[in-house]
Structure formats: structure tokens, C-alpha cells
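Only one structure is covered here, and it is reproduced in the block below.
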Amino acid sequence: MLTKEWQAEIHKCAKCGKCRSICPVFIETGNESMVARGRISLAEALRNGEIFHTELLRDYLLSCKKCLRCSSICPSGVDYDLIIQAMLDDVANHLGIWLIPRIIFRLFLTRRWLFNLLLKTASTFQRLVPLKRHGTMRHLPFMLMGGRWIPPLAKKPVLKKYRNTKKIKNPKMKVGFYVGCLINYVYTDIADAVIEVLNHLGVEVIVPPKQLCCGIPARSLGDVKTARRLAEVNVEVFENANVDFIINACATCGRTLKRDYLHLLGDRALKFTDKIYDVSEFIEKYFSYETKILNTKITYHDPCHLYWGQNISKQPRDILKRSAEFQEMENPERCCGGGGVFNLLHYDLSTKIGEYKAKAVEKSGAEVVATGCPGCQLQIEDLLAAKGSPVKCTHTIQVLRDAMFS
Ligand code: SF4
Ligand code: SF4
């Protein structure tokens, strides 16, 4: 919505163009309407009635990865995230939300049992399609396949598997685990690793079964109503769990829970957001532990939503250096090109942006690339599979688990 807060941010922009030097989308396209400065000019034109709400405008907004890199170097301190989100909400308000996403968001994301049923059906059908190394996304509608490869859906989602909390003797603290959709349905071993490591450190982990999607897909398309509903449910579920902290292992979910929930719910979300920790941030802040060094060379990719979005980069490196032979890659904070809605709508661009990352991973000479976001993991696996690379991608917590129990 065109709030005063939104308008004040627009005025801060000095049109210096510094954001052009760092924006992964602009670097690939050279299109001024696809960078922060250009979109701020579009916002001004919209406010002045010089342009209207059109699908073309929405396309320009959805070509933003929301990677937050531009905000990190903006000399005027423009809160670009606030502007782009307000524009997306405004456009959705005028043009509506596309039919299929609207059905998915409002019908499935807000009803866990229906979402489970949908994915269980997809999981059954995926067995009818042969698994290839690349070029097959067996459980998505054909129109979304586009040559991508992602791992199969898990047989049992995390929220079902960990319905009962594993009790540990004299726990040092009790944490709630916010799982997120990709870990719940695809990368379930990340959840296993989080729980095994935290239990080993003397932490009792509760996985509230009624938690829902963090809301970022809905928020990205301007569906504020669904995003707010999801936020309300998640806050209530974790408040009722009565835990000391809330842990997550997905950079994008973590940033959404920490920042977007305050925008969506205001002070009501304060107690909840104060408890949110990325798992690497939590472990490095509260524990000392012993590991064996794995006989594996590992490099690390900084997810934008951890590095720029939560200022977390040292903690995962400290964990990896204690767990394996660590080798930094060139420009590890450079975007991998992933990102849910952006990747679905702009797969070619997303792949082009990711080429640098795939090369940097290979050049590092590492056998494994670790990261802190299942979304990045999905993208990096796809990029590496396309190149026929033998390098494996994993989550930092999985490396720590292997080093702890080896
Ligand atoms: S870097 Fe900041 S002030 Fe400069 S053009 Fe981009 S958004 Fe505007
Ligand atoms: S958030 Fe990322 S993709 Fe969007 S304008 Fe800023 S740097 Fe570019």
C-alpha cells in the first residue's frame, strides 16, 4: 500500500546508481527497470500517476530476487525491501493475485492436512517417472519442469516423523524447531541433523506439528492476507509450545520470521521474533563442543538471506573449520541465482546468474559445498547437475553432525 513510510523511503534515493554495480539481475540483463534505482523510479511514476498498474510493471517487480545486496551498499540507506514489498502488495491489490498461486496459497498453505495430501499424491506419482540425473522434476506439473532437477519428495515429512519429542535427561534448554517447507518435504535429513546435534548438546527439541509455511511465497506475490494468516498461526503455535528459543535451518524462512513477521503483525510478534535463531548462530552462541575433522575438503556458499539478511557468515565457517578441511571459494557471498518465485518465473536468468557460483565451487577444488539454505541447495544442486559435476551440496549442520558422530 502507498503508506507514508513507503513514500519516505522513495525520497531517500539519491539515484546514484551504486545498486547497479551489485545487483545480480542488473549485471546479467543491463535493464534499468530490473534494478533498485529503476524500480524506485517506477514507484515515483506510479505515485505521480504517470504509469499504471499493469502486468508489465508486475513483471519488473517479480524480476527482483529480493537478495538484499543493494540495500547493503546503498549510501543513502534506502530500505529497498520495504519499497519493493509495498509495490508488490499495491500491484496485487489492483490487479489481483494470479489464479493458480492464489488457489495454492489460500487453499493449501493454510491447511497442513490438504498440503500433505497434495504432496503425498505428487510423491506417489513421482515413482511412475524414472529418476534422471538432470532434466527431470518428477513431482511438479509439466509446465514447471523447464529442464530442472530437484531431489525427490521424502516419503515422510519431518512434521510427521517428529510428532513425539525425543526426551533427553536434564535438558539445558528447550527449543522449538521451525522446519520450513523444503526441509519438511524434501531435505528431511537436514532436520534429522538439527535434532541429532542439538540433542547431543543437551537441548530438547520440540517440533510443533501445527506450524505452517513461513509465508514467503505468498508475500512475494503480494498476497498479504495469506502471509498474515500464516504468520498468526506460526506465532501462536510457538507461543503455545513454551520454548526458550526457536531454531530454523533455512536462511529465507529465518529472515522472514525475524523481519517480515514484525511488518505483518507489529509488536504482537516481538516475543516470537526475539527467540528466532539460525541453527549455526544458536550453536556458536551457546555451546562449545568437540568434533573429529572429516577427511573431506569443503567450501561454503553464503545464502543472501543469511549473509545480507541476518549478518551471519562467521558462525557457519567456524563450524565447518572445526569439522573438515575448509577451502574458501571466490566471492562466496555472490548470489547463486536461486530464490523460489524468481527461479520459477525466470529460470533462464536464474541459471545465468548461477553460472559464476557453479564455476567458483568447482574452482575451489572442494568435494562438498555447504550452505545454510535449502533453497540455495536446490539451486546449486541443479547448477552442478547440469555441468555433470561430482561436487555434492549439503547443509552446514549435516557436516557438523557427521563430524560430531564420526
Ligand atoms: S544505491 Fe541507493 S541511493 Fe543509490 S540509486 Fe540505488 S537505491 Fe538509490
Ligand atoms: S534485492 Fe537483489 S535483485 Fe533486487 S534490486 Fe536489490 S540487488 Fe537486485
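Side-chain atoms are counted along with the backbone in the values below, which use heavy atoms only and exclude waters and symmetry mates. Being a predicted model, the structure only gives us computed values, none of them experimental.
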ask   = Between S389 and A385, is there a donor-acceptor pair closer than 3.5 Å when you use the side chain of the first and the backbone of the second?
value = no
ask   = Among pairs that include at least one residue of residues 206-228, which meet ring-ring contact (aromatic ring centres under 6.0 Å, His included), considering only residues two or more places apart or in two chains?
value = none
query = So F405 and H200, ring pair (Phe, Tyr, Trp, His ring centres under 6.0 Å) or not? Walk me through it.
reply = CA-CA 10 Å; F405 300 117; H200 183 73; 5.0 Å; yes
message = Test: side-chain hydrogen bond (donor to acceptor under 3.5 Å, both in side chains). Region: residues 66-78. Which pairs qualify, not counting sequence neighbours?
response = K66-Q85
task = Consider only side-chain N and O atoms of Y187 and D192, and report whether a donor and an acceptor are under 3.5 Å apart.
result = no
query = At their closest point, which heavy atom of P316 faces which heavy atom of T396, and how far apart are they?
reply = O-CG2, 3.8 Å
Considering all heavy atoms, the nearest I83-A43 contact = CG2-CB, 4.5 Å
inquiry  = For F326 and Y300: C-alpha separation, side-chain torsions, deciding distance, then whether ring pair (Phe, Tyr, Trp, His ring centres under 6.0 Å) applies.
reply    = CA-CA 8 Å; F326 183 74; Y300 178 71; 7.2 Å; no
request  = Identify, with sequence neighbours excluded, every residue that meets ring-ring contact (aromatic ring centres under 6.0 Å, His included) alongside H11.
outcome  = none
message = Quick test of your reading: applying salt bridge (charged side-chain N to carboxylate O under 4.0 Å, His left out), list the pairs with at least one residue in residues 313-323, sequence neighbours left out, ordered by first then second residue.
response = E284-R322, D302-R317, K314-D318, R317-E328
inquiry  = Test side chain to side chain contact (heavy atoms under 4.5 Å, CB included) on V25 and V35; report intermediate values, then the result.
reply    = CA-CA 7 Å; V25 177; V35 68; over 6 Å; no
task = Quick one: do R37 and E44 satisfy salt bridge (Lys or Arg N to Asp or Glu O under 4.0 Å)? Show the steps, please.
result = CA-CA 11 Å; R37 185 177 76 172; E44 282 172 329; over 6 Å; no
query = Going by an N to O cut-off under 4.0 Å, is there a salt bridge joining E32 and R20?
reply = yes
task = Of all the heavy-atom pairs spanning V179 and N184, show the shortest one and how long it is.
result = CG1-N, 3.6 Å
query = Can you find a heavy atom in the side chain of Y307 that is under 4.5 Å from one in the side chain of E333?
reply = yes
request  = Mark yes or no for whether S323, through its side chain, and A403, through its backbone, hold a donor-acceptor pair below 3.5 Å.
outcome  = no
query = Partners of R39 by side-chain hydrogen bond (donor to acceptor under 3.5 Å, both in side chains), sequence neighbours excluded?
reply = S63, Y80
key: salt bridge (Lys or Arg N to Asp or Glu O under 4.0 Å) assessment of K387 paired with E362   = CA-CA 10 Å; K387 284 170 88 64; E362 291 215 301; 3.7 Å; yes
inquiry  = Using the ring-ring contact (aromatic ring centres under 6.0 Å, His included) criterion, which residues pair with Y261? Sequence neighbours excluded.
reply    = F272
query = Tell me, which pairs form a salt bridge (charged side-chain N to carboxylate O under 4.0 Å, His left out) where one or both residues lie in residues 261-280, sequence neighbours left out?
reply = E232-R268
message = Take a 6.0 Å sphere around CD of E50 and say whether it holds more than 12 heavy atoms from other residues, nucleotides or ligands.
response = yes
message = Would the distance check show the side chain of K172 and the main-chain N or O of L201 forming a donor-acceptor pair, the cut-off being under 3.5 Å?
response = yes
query = Checking D223 side chain against T226 main chain: does a donor-acceptor pair fall under 3.5 Å?
reply = yes
note = From the list K363, K359, K357, side-chain hydrogen bond (donor to acceptor under 3.5 Å, both in side chains) with E330 holds only for K363
message = What I'd like to find out is whether the side chain of K65 reaches to under 4.5 Å of the side chain of N343, using heavy atoms alone.
response = no
inquiry  = Treating T299 as the side-chain partner and Q327 as the backbone partner, does any N or O pair qualify as donor plus acceptor under 3.5 Å?
reply    = yes
ask   = Does the side chain of V399 come within less than 4.5 Å of I319's, by heavy atoms?
value = no
ask   = Can you list every salt bridge (charged side-chain N to carboxylate O under 4.0 Å, His left out) pair that touches residues 396-406, not counting sequence neighbours?
value = D189-R401, E196-R401
task = Determine, step by step, whether R259 and D81 satisfy the salt bridge (Lys or Arg N to Asp or Glu O under 4.0 Å) criterion, reporting the C-alpha distance in whole Å, the side-chain angles of both residues, the deciding distance to 0.1 Å, and the verdict.
result = CA-CA 11 Å; R259 178 180 150 127; D81 198 35; 3.5 Å; yes
request  = I would like to know whether V205 and K174 meet side chain to side chain contact (heavy atoms under 4.5 Å, CB included); could you show each step before the answer?
outcome  = CA-CA 6 Å; V205 184; K174 223 161 105 178; over 6 Å; no
query = Taking the side chain from H395 and the backbone from A249, do they hold a donor-acceptor pair closer than 3.5 Å?
reply = yes
Where P208 and L159 come nearest, the two heavy atoms and their spacing = O-CD2, 3.9 Å
task = Run the salt-bridge test on K12 and D79 with the 4.0 Å N-O cut-off and return the result as yes or no.
result = no
key: Within residues 167-186 or reaching into it, pairs that qualify as ring-ring contact (aromatic ring centres under 6.0 Å, His included) - sequence neighbours excluded   = F115-Y185
key: Given K169, K167, K166, the one that forms salt bridge (charged side-chain N to carboxylate O under 4.0 Å, His left out) with E204   = K167
query = Would you say T256's side chain and C214's backbone share a donor-acceptor pair under 3.5 angstrom?
reply = no
Non-neighbouring partners of Y162 that pass ring-ring contact (aromatic ring centres under 6.0 Å, His included), sequence neighbours left out = none
inquiry  = As an exercise, state the distance from CG of L320 to OG1 of T394, rounded to the nearest 0.5 Å.
reply    = 9.5 Å
ask   = If every non-hydrogen atom of L230 is compared with every non-hydrogen atom of G215, which pair is closest and at what distance?
value = CD1-CA, 3.5 Å
inquiry  = Once rounded to the nearest 0.5 Å, what's the spacing between atom OG1 of T54 and atom NE2 of H94?
reply    = 12.0 Å
Test salt bridge (Lys or Arg N to Asp or Glu O under 4.0 Å) applied to R58 and E55, step by step = CA-CA 5 Å; R58 175 143 62 186; E55 286 299 335; 2.8 Å; yes
key: Whether Q379 side chain and S350 backbone form a donor-acceptor pair below 3.5 Å   = yes
task = Can you see which heavy atom on L95 is nearest to which on H53, and at what distance?
result = CD2-O, 3.5 Å
query = With distance as the sole test, does E367 use its side chain to make a donor-acceptor pair with the main-chain N or O of K297 at under 3.5 Å?
reply = yes
key: Atom pair CG/CG of L62 and L88 - distance to nearest 0.5 Å   = 5.5 Å
task = List in chain and number order the residues that pass ring-ring contact (aromatic ring centres under 6.0 Å, His included) with Y356, two or more places apart in sequence or in another chain; answer none if no residue qualifies.
result = none
message = How about NZ on K225, more than 12 heavy atoms from neighbouring residues, nucleotides or ligands closer than 6.0 Å, or not?
response = no
message = Filter on side-chain hydrogen bond (donor to acceptor under 3.5 Å, both in side chains), then keep only pairs touching residues 207-222, sequence neighbours left out; what's left?
response = D89-R219
message = Please check this pair: side chain of D244 against backbone of V175, looking for a donor-acceptor N/O pair closer than 3.5 Å.
response = no
